[in-house]
S.K.: 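Take a look at this one; I'll ask things after.
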Amino acid sequence: MASSPLNACYLLLLVLISFDYHIIALSVPLRQKPDPADAAATARWLASENSWGVLSTISSDKGGAPFGNVDSFSDGWPGDGRGIPYFYLTTLDPTARNALKDARASLTLSEFPLGSCGKIDPENPVCSKLTLTGKLTLVDGNSKEANFAKQALFSKHAEMKEWPKNHNFQVFKLEIEDIFLIDWFGGPKPLSLDEYLHPR
């Protein structure tokens, strides 16, 4: 039996709905990569344009061994990052448990997932990479900062709003102490916290 125009329209509507989240995610274009000579701008660009990275903590279950985990994050609204990464974590996951016992942590980001490295290898120095090291701390759930962090996280990760309430997800942030950036040949770029947080 041939499909009616009404059935075809209904099928198209279902397809559009099923891909709604991806359409929204793709609606924010990638901002142009800064000049490699501008270390602060490049580091902030990586933190703002990425939506996930490898968050490493000190394992409380494995005798202090390093534990890296893929975690989603946000440093602000799309295109308007503030440089401080926020996370939505549950103690059902080792990362949050580790941080509550030993806050030392680092977040590693790469330009490669953004698609702007072309065909070069992710380890090539021209394909920028950033590691922010510091303390992964719990944000007061009743604070203005927590409200901002949730809005920032949900703006990039809409499904977080629907995550199970009984998992007790809470906002954490990385209090940055050290910045490691490679965006060109010649080794890591010197970059202070003040320069990172207040780029020219």
Side-chain angles (χ1 to χ4, degrees), residues 39-40 42-76 81-114 122-123 127-183 188-197:
T42 301
R44 289 291 296 273
W45 178 78
L46 285 168
S48 179
E49 297 300 318
N50 272 293
S51 61
W52 63 272
V54 176
L55 182 59
S56 299
T57 52
I58 307 298
S59 176
S60 59
D61 299 327
K62 301 184 183 301
F67 176 78
N69 202 0
V70 171
D71 280 295
S72 299
F73 77 96
S74 177
D75 77 329
R82 298 186 181 182
I84 302 297
Y86 290 96
F87 306 86
Y88 204 41
L89 305 175
T90 170
T91 53
L92 296 176
D93 184 90
T95 298
R97 294 199 305 270
N98 292 343
L100 292 173
K101 292 184 178 180
D102 187 334
R104 289 177 294 171
S106 65
L107 174 66
T108 298
L109 309 174
S110 170
E111 180 186 348
F112 196 82
L114 302 178
E123 198 170 332
C127 188
S128 303
K129 65 252 334 151
L130 174 70
T131 297
L132 303 173
T133 302
K135 301 289 194 303
L136 185 61
T137 61
L138 183 64
V139 176
D140 181 354
N142 296 317
S143 66
K144 290 182 179 179
E145 183 179 18
N147 184 56
F148 163 77
K150 286 183 180 180
Q151 292 181 35
L153 285 161
F154 297 165
S155 72
K156 292 184 178 180
H157 309 280
E159 74 170 70
M160 285 182 173
K161 291 184 288 187
E162 308 302 326
W163 286 356
K165 302 300 181 185
N166 62 358
H167 284 30
N168 193 31
F169 282 91
Q170 296 173 287
V171 174
F172 286 73
K173 73 173 179 180
L174 185 63
E175 296 181 349
I176 303 168
E177 298 175 352
D178 184 75
I179 301 161
F180 176 88
L181 170 71
I182 291 182
D183 66 349
K189 295 285 181 66
L191 183 59
S192 70
L193 180 58
D194 182 68
E195 291 170 329
Y196 172 79
L197 293 177

S.K.: Taking everything shown except K150 itself, do over 12 heavy atoms lie less than 6.0 Å from its NZ?
M.R.: no
S.K.: Do we get R97 above F67's six-membered ring, with its NZ or CZ under 6.0 Å from the centre and within 45° of the axis?
M.R.: no
S.K.: Under 3.5 Å, is there a donor on one side chain and an acceptor on the other for S192 and D194?
M.R.: no
S.K.: Looking at G76 and S74, what are the two nearest heavy atoms and their distance?
M.R.: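 Smallest interatomic distance, heavy atoms only, reads O-OG, 2.8 Å.
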S.K.: Rounded to the nearest 0.5 Å, what separates atom CG in N69 from atom OG in S56?
M.R.: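 Going from CG on N69 over to OG on S56, the span is 8.5 Å.
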S.K.: With under 30° as parallel and over 60° as perpendicular, where do the rings of F169 and W163 fit, or are they tilted in between?
M.R.: tilted
S.K.: Roughly how far, to the nearest 0.5 Å, is CG of D140 from CD of Q170?
M.R.: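 If I round to the nearest 0.5 Å, the distance is 10.5 Å.
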S.K.: Any side-chain heavy-atom pair from L100 and L136 closer than 4.5 angstrom?
M.R.: no
S.K.: Between E111 and W45, does a side-chain contact (heavy atoms from CB on, under 4.5 Å) hold up when you go through it step by step?
M.R.: CA-CA 9 Å; E111 180 186 348; W45 178 78; 3.8 Å; yes
S.K.: The test is side-chain contact (heavy atoms from CB on, under 4.5 Å); show your working for L46 and L181 and say whether it passes.
M.R.: CA-CA 10 Å; L46 285 168; L181 170 71; 4.0 Å; yes
S.K.: Does this structure show an ion pair linking E177 with K135, if we count only N-O contacts that are shorter than 4.0 Å?
M.R.: yes
S.K.: Is the distance between the ring centroids of F87 and F172 under 6.0 Å?
M.R.: no
S.K.: Determine, step by step, whether T95 and D93 satisfy the side-chain hydrogen bond (donor to acceptor under 3.5 Å, both in side chains) criterion, reporting the C-alpha distance in whole Å, the side-chain angles of both residues, the deciding distance to 0.1 Å, and the verdict.
M.R.: CA-CA 6 Å; T95 298; D93 184 90; 3.2 Å; yes
S.K.: List the atom of V171, the atom of A149, and the distance in Å for their closest heavy-atom pair.
M.R.: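 Distance-wise, the nearest heavy atoms are CG1-CB, 3.5 Å.
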S.K.: So do the side chains of D75 and I84 get within less than 4.5 Å of each other, counting heavy atoms only?
M.R.: no
S.K.: How long is the gap from OG1 on T42 to NZ on K189, to the nearest 0.5 Å?
M.R.: 6.5 Å
S.K.: Check step by step if side-chain contact (heavy atoms from CB on, under 4.5 Å) holds for L174 and L132.
M.R.: CA-CA 8 Å; L174 185 63; L132 303 173; 3.8 Å; yes
S.K.: Assess, by modelled atom type and distance only, whether the side chains of T108 and T131 contain a donor and an acceptor separated by less than 3.5 Å.
M.R.: yes
S.K.: What are the two closest non-hydrogen atoms of S72 and H157, and how far apart are they?
M.R.: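 Closest pair (atom of S72, atom of H157, distance): CB-CE1, 3.4 Å.
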S.K.: Taking the six-membered ring for Trp, are the ring centroids of F73 and Y88 within less than 6.0 Å of each other?
M.R.: no
S.K.: For residues L197 and R44, report the shortest heavy-atom separation together with the two atoms involved.
M.R.: O-NH1, 3.2 Å
S.K.: One pair to check against side-chain contact (heavy atoms from CB on, under 4.5 Å): F180 and T133. What are the steps and the verdict?
M.R.: CA-CA 8 Å; F180 176 88; T133 302; over 6 Å; no
S.K.: I'd like to know if the side chain of N168 pairs up with that of T90 as donor and acceptor (distance under 3.5 Å, no hydrogens or angles considered).
M.R.: no
S.K.: Should the pair E145-K173 be classified as a salt bridge under the 4.0 Å nitrogen-to-oxygen rule?
M.R.: yes
S.K.: Drop me the distance from S110's OG to L130's CG, to the nearest 0.5 angstrom.
M.R.: 10.0 Å
S.K.: Looking only at side chains, do N98 and T57 share a donor and an acceptor under 3.5 Å apart?
M.R.: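 A pair is found: one side chain offers a donor N or O, the other an acceptor, under 3.5 Å apart.
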S.K.: Should S143 and F148 count as side-chain neighbours, where that means a heavy-atom distance under 4.5 Å?
M.R.: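 No, side chains not in contact.
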S.K.: Are the side chains of I176 and P85 in touch, meaning some heavy atoms are under 4.5 Å apart?
M.R.: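 A side-chain contact exists here, since the closest heavy-atom pair is under 4.5 Å.
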S.K.: Please name the pair of heavy atoms, one in A43 and one in L191, separated by the smallest distance, quoted to 0.1 Å.
M.R.: CB-CD2, 3.8 Å
S.K.: Rounded at 0.5 Å granularity, tell me how far CZ in F112 sits from CD in E123.
M.R.: 12.0 Å
S.K.: Between G81 and S48, which heavy-atom pair has the shortest distance, and what is it?
M.R.: N-OG, 3.8 Å
S.K.: Give, for atom CG of L55 and atom CG of L89, the distance between the pair rounded to the nearest 0.5 Å.
M.R.: 7.0 Å
